[in-house]
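See structure below.
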Amino acid sequence: MQLSALEIVRRESLQKLRELGINPYPAKQFKTTATIKQIKSDFKSFEGKEVVLAGRMMSRRIMGKASFAELKDATGRMQIYLNRDEISSDENATMYNTVFKKLLDIGDIIGIKGEVFKTKVGEESVHVKELTVLSKSLRPLPVVKTDADGKVHDAFSDPEQRYRQRYVDLIVNDHVKETFIKRTKITNSIREFFNSRGYLEVETPILQPIPGGAAARPFITHHNALNIPLYLRIANELYLKRLIVGGFDAVYEFSKDFRNEGMDRTHNPEFTVMELYVAYKDYHWMMSMTEELLEKVAIDSNGTTEVKIGDNNVSFKAPYPRVPILEAIKTHTGYDVAGMSEEELREVCKKVGIEVDNTMGVGKLIDELFGEKCEHHYIQPTFITDYPKEMSPLTKEHRSNPALTERFELMVNGKELANAYSELNDPIDQRERFEDQLKLSEKGDDEAMFIDQDFLRALEYGMPPTSGIGIGIDRLVMFMTNNSSIQEVLFFPQMKPEKKTIELSEDEKTVFNLLKNNTPILLNNLKSQSGLSNKKWDKTIKGLTKNKLAKVTNTEDGLFVALID
RNA sequence: GACCUGGUAGCUCAGUUGGUAGAGCACCUCCCUUUUAAGGAGGUGGUCCUGGGUUCGAGCCCCAGCCAGGUCACCA
């Protein structure tokens with residue numbers, strides 16, 4: 001392994017710690033008596049008292065016999081003050097002069113025991129009396145500094161490194177940690193809301209023999225013992241509905257779903273959807289439930305219903321407007337498309353500048369009109385309702401218009417946040433809708449739904465009228481934390497693998513094999529045996545010496561190349 | 001998938017017309033007892049993303065590729 005100079009120094013420090021009888025990775029529990037957040041939030045009662053803290057050393061200011069350092073624990077950062085004669089017992093002041101000043105580095109994890117006090121300039125600090133090494137860090141951490149104006153210098157900001165090495169991102173970028181804490185607050189808030197109503201959190205299969213409940217390309221895998229293909233779920237909808245058939249009144253699941261499609265700022269191959277199904281309800285009820293839920297989530301995560309998303313101020317205060325999709329199209333395009341034929345709709349699309357082709361049916365055309373001309377207008381939470389039937393194969397037909405369905409999508413900041421239906425529970429209608437999907441599939445739509453015969457069998461036993469909703473959790477967290485990229489709300493977003501460490505080139509292998517047969521050997525002999533040009537030879541031998549496989553030595557008899565064992 | 005931008009020290013970045021690879025922080029040596037982007041003096045540190053090509057000479061120009069970000073397409 002190729003080590004940088006900084007890494008070599010740290011490994012040497014590690015060795016020296018051991019030589020001093022200090023275990024750089026002690027096994028024993030280190031009992032702390034407080035957290036930094038506790039001290040900072042209640043400084044007066046801690047002042048003058050002894051505390052034991054543990055954390056990572058984030059910076060160091062050494063001034064002769066006194067030093068300041070910054071300690072970061074899971075809850076915050078705090079300055080610590082160290083004095084040579086107070087932390088050292090021997091006359092060489094080894095603990096201070098050697099351990100603290102020479103052998104410790106930024107990034108090391110230490111424990112301290114000391115007294116809480118305030119410095120001359122008013123900085124809340126801990127006066128260290130005892131220092132314990134808890135874990136030596138062998139890699140240099142990016143040093144991010146924040147000045148008195150709050151301006152950040154040398155921020156660790158390269159997105160590739162931040163995502164690939166999220167652990168470093170979390171250590172040096174405090175705001176990143178906040179995002180993920182908020183993510184958990186949001187899911188906890190949703191759970192609280194549902195649990196308090198007696199809804200049951202459940203788990204359903206991730207490995208499914210038929211990937212149903214949505215239209216998307218699945219990831220496929222193989223079960224060896226059964227010798228069958230299995231799919232990673234693209235949705236859990238059909239399983240939750242089976243549970244409603246089975247007699248549960250309300251079930252929900254935070255479902256990690258997987259879709260084998262493109263990746264961009266708002267799409268990751270694996271993502272989280274919260275799905276909820278409640279028996280004997282309809283989509284009107286679901287809208288009321290949703291606005292109540294989101295108002296709570298906003299308050300629980302941000303302390304207020306008013307949330308800044310990009311340049312917009314969005315209010316999650318219930319209630320939210322409910323706008324039928326055809327009305328939205330009328331408002332934003334001027335065309336009343338209600339009852340229009342496919343041909344008429346196609347004309348309207350052309351007039352407003354939407355490209356159309358002959359494969360697009362009524363549903364698709366309406367969807368395009370809304371997506372292109374209306375969607376981005378809905379910044380404040382708005383329920384768009386009553387989508388055309390052919391786009392919604394799992395949704396109950398609208399009670400007063402057979403061309404539409406009882407479906408809504410919740411739009412926030414011009415994007416879809418949730419999708420909900422009065423669920424289709426007529427097994428014969430459901431079978432026909434699936435068969436229509438199959439026809440689409442035969443026409444070449446590789447994302448049309450598969451027919452799940454067992455799901456139809458379940459419906460045939462009878463499912464109560466039910467309303468269901470899916471809320472995109474990643475997107476919800478993006479809104480609540482004002483992030484515009486899904487990668488910022490996933491700990492470990494999907495990335496292409498890093499390039500492997502470089503193997504030996506063909507030329508290097510050739511020379512290495514020559515050397516194995518005859519070592520040491522005169523450099524010029526080896527060079528002529530290799531048959532390489534000057535340029536190639538130079539590159540090859542430098543590659544070998546750099547990888548510590550060969551060594552060139554200068555003797556009275558000339559330059560010799562030898563293998564290194 | 002297309003296009004745009006980028007990849008140089010541990011981190012953040014400069015790098016002129018193609019002519020000996022730089023700065024700040026970090027690190028090492030020294031000075032300094034309440035500092036705080038601590039300070040002062042000196043120093044170490046490089047696969048300039050990879051592979052070809054052009055050239056006397058490439059971080060820079062050309063070709064191919066890799067990785068990332070962005071925009072668009074796709075994602076009912």
Side-chain angles (χ1 to χ4, degrees), chain A residues 2-10 12-13 59-70 77 79-86 96 101-102 105-107 117-123 125 127 137-164 168 172 214-217 234 259-267 269 271 355 359-361 363-368 370-371 387-388 390-393 409 416 419 437 440 445-449 484-485 487 493 495-502 505 535 539 542-543 546-547:
Chain A
Q2 201 73 27
L3 294 179
S4 72
L6 299 183
E7 289 170 302
I8 292 167
V9 167
R10 285 181 179 228
E12 284 167 2
S13 298
S59 68
R60 216 166 33 157
R61 294 179 287 278
I62 298 173
M63 299 163 303
K65 290 174 214 160
S67 290
F68 293 92
E70 191 181 24
R77 293 160 181 258
Q79 179 172 271
I80 58 174
Y81 168 79
L82 299 98
N83 182 293
R84 184 186 69 187
D85 302 319
E86 289 173 333
Y96 183 78
K101 278 170 68 178
K102 306 269 189 212
D105 292 286
I106 289 173
F117 80 114
K118 202 177 262 189
T119 64
K120 278 181 188 168
V121 289
E123 178 82 15
S125 309
H127 190 139
S137 160
L138 296 181
R139 275 177 193 267
L141 213 52
V143 179
V144 180
K145 295 191 175 183
T146 307
D147 66 21
D149 303 327
K151 190 170 181 250
V152 177
H153 300 262
D154 299 330
F156 179 63
S157 55
D158 175 18
E160 180 168 5
Q161 294 203 77
R162 287 185 49 232
Y163 302 151
R164 284 197 198 281
V168 176
V172 302
R217 277 198 294 275
I234 55 175
R259 297 188 183 175
N260 203 342
E261 290 168 352
M263 292 162 57
D264 60 28
R265 221 176 36 171
T266 57
H267 295 85
F271 60 101
E355 282 186 34
T359 68
M360 291 170 147
K364 179 78 180 162
L365 290 165
I366 288 176
D367 195 58
E368 285 292 320
F370 180 76
Y387 282 67
E390 63 180 73
M391 318 279 312
S392 311
E409 289 192 356
E416 177 194 340
N419 183 17
Q437 288 288 308
L440 285 175
D445 184 345
D446 61 354
E447 289 183 334
M449 292 182 185
S484 57
S485 161
Q487 297 169 107
M495 302 283 272
K496 283 204 188 184
E498 288 179 88
K499 212 177 358 176
K500 285 181 203 160
T501 48
I502 306 156
S505 71
K535 195 169 180 173
K539 196 168 190 100
K542 277 180 180 162
K546 190 136 209 161
N547 286 316

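Each chain gets a letter, A, B and so on, in the order the sequences are listed, and its residues count up from 1.
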Which residues share a side chain to side chain donor-acceptor pair (under 3.5 Å) with [X], sequence neighbours left out:
{"X": "A/Asp264", "value": "A/Thr266, A/His267"}
{"X": "A/Glu416", "value": "none"}
{"X": "A/Ser59", "value": "none"}
{"X": "A/Glu86", "value": "A/His127"}

Quick check for you: among B/U33, B/U35, B/U12, whose closest atom lies nearest to any side-chain atom of A/Lys65?
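For A/Lys65, the side-chain atoms sit closest to B/U33.
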Under the salt bridge (Lys or Arg N to Asp or Glu O under 4.0 Å) test, which residues partner A/Glu7, sequence neighbours left out?
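Salt bridge (Lys or Arg N to Asp or Glu O under 4.0 Å) list for A/Glu7, sorted by chain: A/Arg139.
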Among residues at least two apart in sequence or on other chains, which ones pass salt bridge (Lys or Arg N to Asp or Glu O under 4.0 Å) with A/Arg162?
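By the salt bridge (Lys or Arg N to Asp or Glu O under 4.0 Å) rule, A/Arg162 matches A/Asp169, A/Glu488.
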Which atom of A/Ser67 lies closest to which atom of A/Tyr96, heavy atoms considered
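Nearest heavy atoms, A/Ser67 then A/Tyr96: OG-OH, 2.7 Å.
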Quickly work out the A/Glu261 CD to B/C75 C1' distance and round it to whole Å.
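Rounded to whole Å, this separation is 5 Å.
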Please classify the nucleic acid contact of A/Tyr81 as base, sugar-phosphate, or nothing, using heavy-atom distances under 4.0 Å.
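Counting heavy atoms under 4.0 Å across all strands, the contact made by A/Tyr81 includes a base.
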Remember a base hit wins even if backbone is also touched, and classify A/Arg164 as base, sugar-phosphate or nothing at under 4.0 Å, heavy atoms.
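A/Arg164: backbone/sugar contact only, no base atoms under 4.0 Å.
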Decide yes or no, distance alone: a donor-acceptor N/O pair under 3.5 angstrom between the base of B/U36 and the side-chain of A/Glu70.
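No such pair is found, so the answer is no.
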List every contact pair, protein side and nucleotides 1-5 of chain B side both N or O, where the distance is under 3.5 Å.
none

Quick one: which protein N/O atoms are closer than 3.5 Å to N/O atoms of nucleotides 23-25 of chain B? Pair and distance per line, please.
{"residue": "B/G24", "atom": "N2", "partner": "A/Asp154", "partner atom": "OD1", "Å": "3.1"}
{"residue": "B/G24", "atom": "N2", "partner": "A/Asp154", "partner atom": "OD2", "Å": "3.4"}
{"residue": "B/C25", "atom": "O3'", "partner": "A/Lys145", "partner atom": "NZ", "Å": "3.2"}

Provide the distance between the two P atoms, one in B/G51 and one in B/U8, to the nearest whole Å.
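Result for the P pair: 15 Å, nearest Å.
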Taking only the C1' atom of each, what is the distance from B/C66 to B/U50 in whole angstrom?
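Each nucleotide's C1' atom is 7 Å from the other's.
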Mind checking side chain to side chain contact (heavy atoms under 4.5 Å, CB included) for A/Asp147 and listing every partner two or more places apart, or none if nothing turns up?
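With neighbours one apart ignored, the set is A/Asp149, A/Lys151, A/His153.
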Let me spell it out: for each of A/Arg84 and A/Pro159, pick the nucleotide of RNA chain B with the closest heavy atom. Which residue's pick is nearer the 5' end?
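Comparing both residues, the 5'-ward one is A/Arg84.
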